[in-house]
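Everything numeric in this text was worked out from a predicted model, so none of it was measured. Each residue takes its place number in the sequence, starting with 1.
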Amino acid sequence: MCLAVPAKVIEIKDSMGTVDIAGVTRDVSLMLLPETKLGDYVLVHAGFAMQKVEEKDAEETYALMAEMRGAPRTVDKL
């Protein structure tokens, strides 16, 4: 199974970026999204930023992931 997770871009150097994923930082390739700017949210899979996403969508994903770990429900049912 493959899973892409949302991450906030906190640093950019050439075609690489540092992202924050719920408090954990990772270096990722931005080669597929050269228009990425600081503060953007991107979906990261296998070390590559694959697609830009809205901040609200990233926050909802973080909340759902926390819920899977036992946190109280904070996201309305779809």
Side-chain angles (χ1 to χ4, degrees):
M1 176 173 82
C2 298
L3 179 66
V5 293
K8 183 176 183 178
V9 178
I10 58 173
E11 186 177 326
I12 297 174
K13 184 174 182 183
D14 300 324
S15 63
M16 294 296 292
T18 301
V19 297
D20 181 296
I21 304 169
V24 177
T25 59
R26 294 281 187 257
D27 292 330
V28 299
S29 173
L30 299 174
M31 290 178 68
L32 300 174
L33 296 173
E35 71 280 6
T36 301
K37 299 180 183 98
L38 287 178
D40 284 349
Y41 282 81
V42 294
L43 284 181
V44 176
H45 173 67
F48 289 87
M50 307 294 283
Q51 165 185 341
K52 285 188 180 182
V53 294
E54 297 294 323
E55 180 178 5
K56 69 176 184 62
D57 296 326
E59 294 298 331
E60 183 176 301
T61 300
Y62 294 148
L64 290 170
M65 290 168 59
E67 185 179 325
M68 288 189 301
R69 294 187 304 270
R73 184 168 193 81
T74 58
V75 178
D76 292 332
K77 290 183 180 181
L78 301 175

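- Here Ile12 contributes atom CD1 and Asp40 contributes atom CG; the two are 7.0 Å apart, rounded to the nearest 0.5 Å.
- Of the possible polar contacts, none joining the Tyr41 side chain to the Lys56 backbone as a donor-acceptor pair under 3.5 Å is found.
- Within 6.0 Å of CE on Met31 lie no more than 12 heavy atoms contributed by other residues, nucleotides or ligands.
- Under the 4.5 Å side-chain heavy-atom criterion for ILVMFWY residues, no single connected hydrophobic cluster contains both Val24 and Val44.
- The CD atom of Glu54 lies 12.5 Å from the CD atom of Glu60; values are rounded to the nearest 0.5 Å.
- Linking Ile, Leu, Val, Met, Phe, Trp and Tyr whenever their side-chain heavy atoms come within less than 4.5 Å leaves Val53 and Val5 in two separate clusters.
- Other residues, nucleotides and ligands contribute more than 12 heavy atoms inside 6.0 Å of the OH atom of Tyr62.
- Within a 6.0 Å radius of NZ in Lys52, more than 12 heavy atoms belonging to other residues, nucleotides or ligands are found.
- In this structure, Glu55 and Asp57 have side chains that are not in contact, with every pair of non-hydrogen atoms separated by 4.5 Å or more.
- Tracing side-chain contacts under 4.5 Å through hydrophobic residues (I, L, V, M, F, W, Y), one never reaches Leu43 starting from Val19; they form parts of separate clusters.
- Side-chain heavy atoms closer than 4.5 Å link hydrophobic residues (I, L, V, M, F, W, Y) into clusters, and following such links, possibly through other members, connects Leu3 to Ile21.
- The distance from the CD atom of Gln51 to the CG atom of Leu32 is 11.5 Å, given to the nearest 0.5 Å.
- Met16 and Leu38 are assigned to two separate hydrophobic clusters, defined by single-linkage of ILVMFWY side chains at heavy-atom distances under 4.5 Å.
- Side-chain polar atoms of Asp20 and Thr25 form no donor-acceptor pair below 3.5 angstrom.
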